[in-house]
> 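Before I ask anything, let me first share the structure, which is written out below as structure tokens.
By convention in this document, chain letters (A, B, ...) are assigned in the order of the sequence lines, proteins followed by strands, and residues within each chain are numbered from 1.
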Amino acid sequence: MKRCPENDKILLFCEHELSEVERAQFELHIQTCSECREEVKQISSDDSLLREGVEEAFSRHRVTSRIMQQIRSEKIEPLPANNQRGWRYFWLTAFALLTVFAVASLYMPAAVKYHGRATGVMIQALTDNSTLQGAHLAADQTFDLAAFEPAALDGCFLFTVTADQTSVFKISGSTGIRRSEGLLEFFDTTATFELISGARLTIIVNGKRQQLERKTVFSTTAAAIDDLQPDAVSLAGLDRPLTASTTAEADAIITSDEADTASSADQAELASITTGLSAEAGTGSDSLIDQTPGSGKNPFADEPLDLNGN
Amino acid sequence: MNKHERTDQELVQAVLAGELETFAELVERYERLVFSFLLTRLNDLQEVEDIVQETFVKAFRHLASFDCERRFAAWLLTIARNLLIDSRRKAGRSVASTNLVNEVMLTDSAREAGSQPSEIVVRRERFRSIVVMIQELPEELRTPFLMRVINELPYQEIAEILDVPLQTVKNRIFKARGILREKRENYEKMS
Ligand SMILES: [Zn+2]
């Protein structure tokens, strides 16, 4: 099909990207060229139709009043800005505990490959929505497992375990926890574990022995992995220190059997969360969300969960 | 009414200073953006509504953590996106898909009230085909394109929200338009 030579100006015209002179020239041109005129008309009418369609939906689905109502009726108030403070405390605490335990461990028997025999277990809530025995904890609140054993935890916690060496790991999700023959035993667990620092550790999770190693992330279900980031962090900090060890480049990802199918997708999700809006894991693109176009069965919507499609 | 429309940062500060109701202004300002962002990614409008609501409530709760150096819209979309991932995860792969196009364009829409039935049919068919064409665009083109057309945002603002260079935004929108144009031609040839 032979096009009008002015055709390549149409899109620039529609996007208001022509210079004033070019614009005037093109406006003159479309007075005489029906082909270009029609196409300009088509583009602008398609744009408005799209806008109107979405606008119609929007006008029927506005929730401003519902949002304000929820805020009023649940008496929600902005939380203090505890993410920066919280994370600083988190690192200070982790560092302080590590130092103390590192010194203490000098006086303890030499290390074995994986250690167990947990003598001291300090647990710190990392988010303000974490619970112990069903009761809410303040972010940063720290307690000794010995005082609550067996403990029922839900949320995001930092564990500092002293055995023959010290290990610091993070757990997100819900679990029961007690000591069993010196080992930490997690039961009824739906959670993600991540060793942050210190020595490798043997733990029991849902009846199975597991080795918790550095840069290991493992989940007991497919569902838990994006809970790795406490709320405050996924909101504001895309550059918090902890995320560095939980990106897709983490050396080892161990998942239990039932998690296998979803783990790679979750991993991509995780990476995309940690890198935020501007970068997408795996795809190298900088779009907001997955690259994969929708399946076609639902105009307008992406295929759910297909986050790492290439 | 106001001589001076307050910036997002000023509104955030006001809310944090205790003027909680001021938050409604931020919602008014960005509800459409969050809505249209989610609209292209979810299966039904009820879910879109719910996540829009959750997004703002969560933003409200964590408002003190908002870094005023960032764009409020970008922050909101990060929250929306996390909630979206969360909801997809909960729903698993088996989300029932509804025909969003029909939902979006209801018969009782004010716009169509005075129209002939045949006009309504033509308009919807056209809308449906546009949506299908847009759906086929790669995500990285689709998002800026929709922000441009639906939200009528300037390139600079899109660039800031998506955190990509201005020229990249322009290129992507042009590329999107180019692809849509070809699709439109093919579509017209077929029909
Ligand atoms: Zn022409």
> I need the residue from B:V57, B:I173, B:L63 with the largest number of non-hydrogen atom pairs under 4.5 Å to chain A.
B:V57
> Can you find a heavy atom in the side chain of A:L12 that is under 4.5 Å from one in the side chain of B:F174?
yes
> Below 4.5 Å, heavy-atom pairs only: which of A:M68, A:E39, A:R66 has the largest tally toward chain B?
A:R66
> Let me see the working for B:K58 and A:I76 under side-chain contact (heavy atoms from CB on, under 4.5 Å), right down to the final yes or no.
CA-CA 10 Å; B:K58 196 162 184 178; A:I76 299 170; over 6 Å; no
> Hey, mind stepping through B:E28 and A:R62 against salt bridge (charged side-chain N to carboxylate O under 4.0 Å, His left out) and telling me if it holds?
CA-CA 9 Å; B:E28 296 269 349; A:R62 297 202 68 159; 3.6 Å; yes
> Using side-chain contact (heavy atoms from CB on, under 4.5 Å), reason through A:L50 and B:L146 one step at a time and then give a plain yes or no.
CA-CA 9 Å; A:L50 180 64; B:L146 289 172; 3.9 Å; yes
> Go through B:V27, B:I130, B:N151 and name the one with the most non-hydrogen pairs under 4.5 angstrom from chain A.
B:I130
> Drop me the distance from A:Q70's CD to B:F56's CZ, to the nearest 0.5 angstrom.
13.0 Å
> In the structure I gave you, are the side-chain heavy atoms of B:E152 and A:R51 within less than 4.5 Å of one another anywhere?
yes
> Check step by step if side-chain contact (heavy atoms from CB on, under 4.5 Å) holds for B:F127 and A:E52.
CA-CA 10 Å; B:F127 181 74; A:E52 284 161 17; over 6 Å; no
> Using a cut-off of under 4.5 Å on heavy-atom pairs, state which of A:H16, A:R72, A:E74, A:E17 scores highest against chain B.
A:E17
> By number, which residues in residues 175-183 of chain B have some heavy atom less than 4.5 Å away from chain A?
B:R177, B:G178, B:R181
> Within the structure provided, determine whether A:D46 and B:R184 are in side-chain contact (heavy-atom separation under 4.5 Å).
yes
> Calculate, to the nearest 0.5 Å, the distance between atoms CG and CZ belonging to B:L45 and A:F58 respectively.
12.0 Å
> Which atoms of A:I71 come close to chain B, meaning under 4.5 Å heavy atom to heavy atom: side chain ones, backbone ones, both, or neither?
side chain
> Roughly how far apart are A:Q69 CD and B:Q53 CD, rounded to 0.5 Å?
9.0 Å
> Just checking heavy atoms, which of residues 10-21 of chain B are less than 4.5 Å from chain A?
B:V15, B:L16, B:L20, B:E21
> Looking at residues at least two apart in the chain, or sitting in another chain, which of them share a ring pair (Phe, Tyr, Trp, His ring centres under 6.0 Å) with B:F145?
none
> Can you tell me how far the NE2 atom of A:H61 sits from the CG atom of B:L39, to the nearest 0.5 Å?
9.0 Å
> Report the residues that fulfil side chain to side chain donor-acceptor pair (under 3.5 Å) with B:E69, sequence neighbours left out, ordered by chain and then residue number.
none
> Is A:E56 salt-bridged to B:R123, cutoff N-O under 4.0 Å?
yes
> Kindly check if the number of other-residue, nucleotide or ligand heavy atoms within 6.0 Å of CD (A:E20) is above 12?
no
> How long is the straight-line distance from OG1 of A:T64 back to OH of B:Y30, given to the nearest 0.5 Å?
14.0 Å
> Provide the closest heavy-atom pair for A:V54 versus B:F35 in the form atom of the first, atom of the second, distance.
O-CE2, 4.0 Å
